[in-house]
Each structure stands twice: as structure tokens, then as C-alpha cells.
Amino acid sequence: RDDAAGEAFDKVGKLLGLGYPGGPVVDRLAAQGNAARAGITLPRGMSDRRSFEFSFSGIKSAMARHVASLGAPPEGEALADLCAAFQATVVDVLVSKTVRAADSERLPRIVLAGGVAANRGLRARMAEVCARRDRRRRLRRQTGRQREDGDGGERSKGAAHAREGSTEARWTDVGLS
């Protein structure tokens, strides 16, 4: 409906003073943080709807209000905890709606592609949920050349090359067979 998940990560990263694109930095900090310590409950946009659509505007607004209430972006452990809370919320929405859509359409495979597929939290949670729901379900992640700065455009370019049969991109099987 609004921003893509990767764009939401990038904008929240910028809001937190992590630069742009901020998604890869948010991912790294989230791995060090604890969402439960963040002291914030973030909205899960459109989670009550039966549709498979996503919306991240509410979570971005909630993050902006929270940071404004602090007076300045948090630092250290508090920053890592806030990144963990944001990432956990976005990942929860992405995984739950994606798995529900795959189940609804009786699809045997879920593919993560594009810039947000580089997010370690998303890959780990998706692999965990797929493994728990159906041992035969396969999770594949499209990877291409990924620049160190995490530029989403470059990763998306990798997905486009894979569709065209280029050897620049490859499929990485997460091993849920």
C-alpha cells in the first residue's frame, strides 16, 4: 500500500541517525538488541485484514513519535533494542502474511527476493516458520552481487538478472527439505 519493507527499514535507519540506506545497519543493530527492552509496542499494519497487503506507514510514524518523545535518537543498547523492536515487528508482518498467502495458494515454495531479502532477521524467521509448518516447504532466497553499503537497487538488479538467466545471481537454498 505504501513503502516497501526495505524502504521502511531505510527510512527508520535515517530517522535513527544511521544514515541512508539504513536497512543493513538496522539489521546489524537488531541482532545485538532485545525487542522486549525497547519499551515500545509498534503497530502491525493491516494485520487484522484478510488481505495479503502490507503497510508500513504506521510503524514508521510510531517510530518517529517515539524518537521525538525521547528528544534525540537513542544510543548504544537502547538503539539496538529499538532496532530489534522495529525489525521484529516488520518481520512478523512479512512472514505471517507471506506464509498465509503461500498456504492460501497451496504454494510449495517461498522465495525471498529484492533488497529486504538480505535482512538476516527476516531470513531466519522465515526459515524457522517454514520449517515448523511443513518440513517439505522450501525457502529460497535470491541473492545477487550485494554491495557493502546494502544498496537495495543493486540487490533488486540481481533478482532481475536471475530472471533473465544471468550467472551474476544465484539461488541460495536455506535447506528446509
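Just so you know, residue 1 is the first one in the sequence shown, and it goes up from there.
Counting only residues at least two apart or in different chains, side chain to side chain donor-acceptor pair (under 3.5 Å) contacts with residues 64-76 are absent. Residue pairs meeting the ring-ring contact (aromatic ring centres under 6.0 Å, His included) criterion with at least one member in residues 87-128: none, sequence neighbours excluded.
Here the OG1 atom belonging to T98 is positioned 7.5 Å from the CG atom belonging to L122, to the nearest 0.5 angstrom. Here L18 contributes atom CG and L29 contributes atom CG; the two are 6.0 Å apart, rounded to the nearest 0.5 Å. Taking CG from L112 and CE from M126, the interatomic distance works out to 5.0 Å, rounded to the nearest 0.5 Å.
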Let me have the donor-acceptor pairs involving side chains of residues 79-96, under 3.5 Å, with sequence neighbours excluded, atom names and distances please.
{"residue": "D81", "atom": "OD1", "partner": "N34", "partner atom": "N", "Å": "2.8"}
{"residue": "D81", "atom": "OD1", "partner": "R37", "partner atom": "NE", "Å": "3.4"}
{"residue": "D81", "atom": "OD1", "partner": "R37", "partner atom": "NH2", "Å": "2.8"}
{"residue": "D81", "atom": "OD2", "partner": "R37", "partner atom": "NE", "Å": "2.9"}
{"residue": "Q87", "atom": "OE1", "partner": "N119", "partner atom": "ND2", "Å": "2.9"}
{"residue": "Q87", "atom": "NE2", "partner": "D27", "partner atom": "OD1", "Å": "3.4"}
{"residue": "T89", "atom": "OG1", "partner": "A85", "partner atom": "O", "Å": "2.9"}
{"residue": "D92", "atom": "OD2", "partner": "R44", "partner atom": "NE", "Å": "2.8"}
{"residue": "S96", "atom": "OG", "partner": "D92", "partner atom": "O", "Å": "2.9"}
{"residue": "S96", "atom": "OG", "partner": "V93", "partner atom": "O", "Å": "3.3"}

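Closest approach of F56 and A8 over heavy atoms only: CB-CB, 3.8 Å. Contact record, D10 with G23: OD1-N, 2.9 Å, taken as the closest heavy-atom pair.
Between V99 and S104, the closest side-chain pair of non-hydrogen atoms is not below 4.5 Å. In this structure, the side chains of L15 and K60 stay at 4.5 Å or more apart for every pair of heavy atoms.
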